[in-house]
Amino acid sequence: MSGDDPRRAEDEEAGGPDGEQGPWGGSRPWWTVEPGTGPQILPGGSGQFQVVPDGTGPQIVINGGTGGHPIVGNATGGHPVVADGSGAFPALPNGTGPLPPMPGPAAGRRRGPRLLLALGGLLVAGVVVVAGVLAVRSDGGGGQNARVAGLPASKRVIEAGGTAGGLHRDGLVGPPASAAYPFVAGAVEAGGVPAAKRGQAVYSEEPVRPVNVLFVGGTGRVGNPADFLQKAQPTTFIAGQDAEPGPMGGRAVCGTFAVLAQTHTYCAWATVDSYGIVASNVPSANPEFTLMADVMRRIRKDVERRR
């Protein structure tokens, strides 16, 4: 046979034609295997393990992972991952751990206590104001009235006793029940200075003819006596004239007022810090200015005094 015999060459490499074993025994060297380069099952490998593309060992690998654990997107480890969480626990919105976050207090819940405090303060202020008004109106000497007005206390005291001007206090008929009271009360309100605590009484006597009069007086910020007497007129005032106030000074007037279809007479005095009104509860056909002025001066002498 001419030329080289390929079988002969193979026999020589394997151990010779006579069956002698070559240096590699009965197996071919790894570099003679085609198309692979060794005993591996898959080409491109470098060992006896089964190789998965892009893998480096026997572990099952998922794309983008670095170990034998199942991988969830954008996570590292074998635990299930919840969006925005950090660990194996489920994550709640706005939370940073396994405990559910407690919602903060509502802004409107704090208004209740504040509203109650505000209402309580207004109630206390109202009580104080009412108490102050009652104290002013019930003052017997006019001191409270003057202090409220920013003036010093009155230098005079008005107090209606059991007797005044030779007349006795009527124990059966109180001032509000007398005929002249509604009209005189209107005059006091118009004057702006309340009556003293003990500044009202009904006096009566029957010397020559019946005399029954209502007295109302007080102290406080009277101001100009003439202006006060002009304001402090009975609500049904008819006509009037000046009168003599007596030794205590000040100004005085007398006038008439209507009670239904009848005419009654009254007289009044005033100083800068005191006043008094004496009105007849008995009607008269004609004004009785002289008689009523005398009764007024006698009553004033007993009900008004200086401090």
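No experiment lies behind these values; they were computed from the predicted model shown.
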Handout entry: Joint hydrophobic cluster, V259 plus F237, side-chain heavy atoms closer than 4.5 Å
Key =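 In one cluster with V259: F237, yes.
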
Problem - Connected via hydrophobic side-chain network under 4.5 Å: F289 and V184 - result: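 In one cluster with F289: V184, no.
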
Exercise for the section: Verify side chain to side chain contact (heavy atoms under 4.5 Å, CB included) between V222 and V272, making sure each step is shown before the conclusion. Expected result: CA-CA 5 Å; V222 173; V272 294; 5.7 Å; no

Spatial distance of atom [atom1] ([X]) from atom [atom2] ([Y]) [nearest 0.5 Å]:
X	Y	atom1	atom2	answer
I277	I299	CD1	CD1	12.5 Å
S204	H168	OG	NE2	8.5 Å
D170	N212	CG	CG	6.5 Å
R305	S274	CZ	OG	12.5 Å
T163	E205	OG1	CD	10.5 Å
I238	H264	CD1	NE2	9.5 Å

Exercise for the section: Please say whether more than 12 non-hydrogen atoms of neighbouring residues, nucleotides or ligands are located less than 6.0 Å from NZ in K231. Expected result: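 For K231, atom NZ is crowded (more than 12 foreign heavy atoms under 6.0 Å).
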
Problem - Heavy atoms from other residues, nucleotides or ligands near CD of Q241 exceed 12 (cutoff 6.0 Å) - result: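 Yes.
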
Practice task
In plain terms, say whether R298 and D302 are close enough for a salt bridge, that is, a side-chain N and a carboxylate O under 4.0 Å apart.
Solution key: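 Salt bridge flag = no for D302 with R298.
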
Handout entry: Charged N-O contact under 4.0 Å between R156 and E304
Key =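 Salt bridge flag = yes for E304 with R156.
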
Could you tell me which non-hydrogen atom of [X] sits nearest to which non-hydrogen atom of [Y], and how far apart they are?
X	Y	answer
N224	A226	OD1-N, 3.0 Å
A164	V303	CB-CG1, 4.0 Å
P182	S178	CD-O, 3.9 Å
A195	Q200	CB-NE2, 3.9 Å
V188	V193	CG1-O, 3.5 Å
A180	F257	CB-CZ, 3.9 Å

Beyond-backbone contact of [X] with [Y], side-chain heavy atoms, under 4.5 angstrom:
X	Y	result
R297	W269	no
T265	L291	no
V213	M292	yes

When you measure from the side chain of [X] to the backbone N and O of [Y], does any donor-acceptor pair fall under 3.5 Å?
X	Y	answer
R251	F228	no
R300	P245	yes
R307	V157	no
Y275	G191	no

Handout entry: Aromatic plane relationship, F215 with Y203 - under 30° parallel, 30 to 60° tilted, over 60° perpendicular
Key =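 Answer is tilted, since the angle falls between 30° and 60°.
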
Practice task
Applying side chain to side chain contact (heavy atoms under 4.5 Å, CB included), run through Y266 and Q233 and close with a yes or a no.
Solution key: CA-CA 9 Å; Y266 84 97; Q233 295 177 347; 4.0 Å; yes

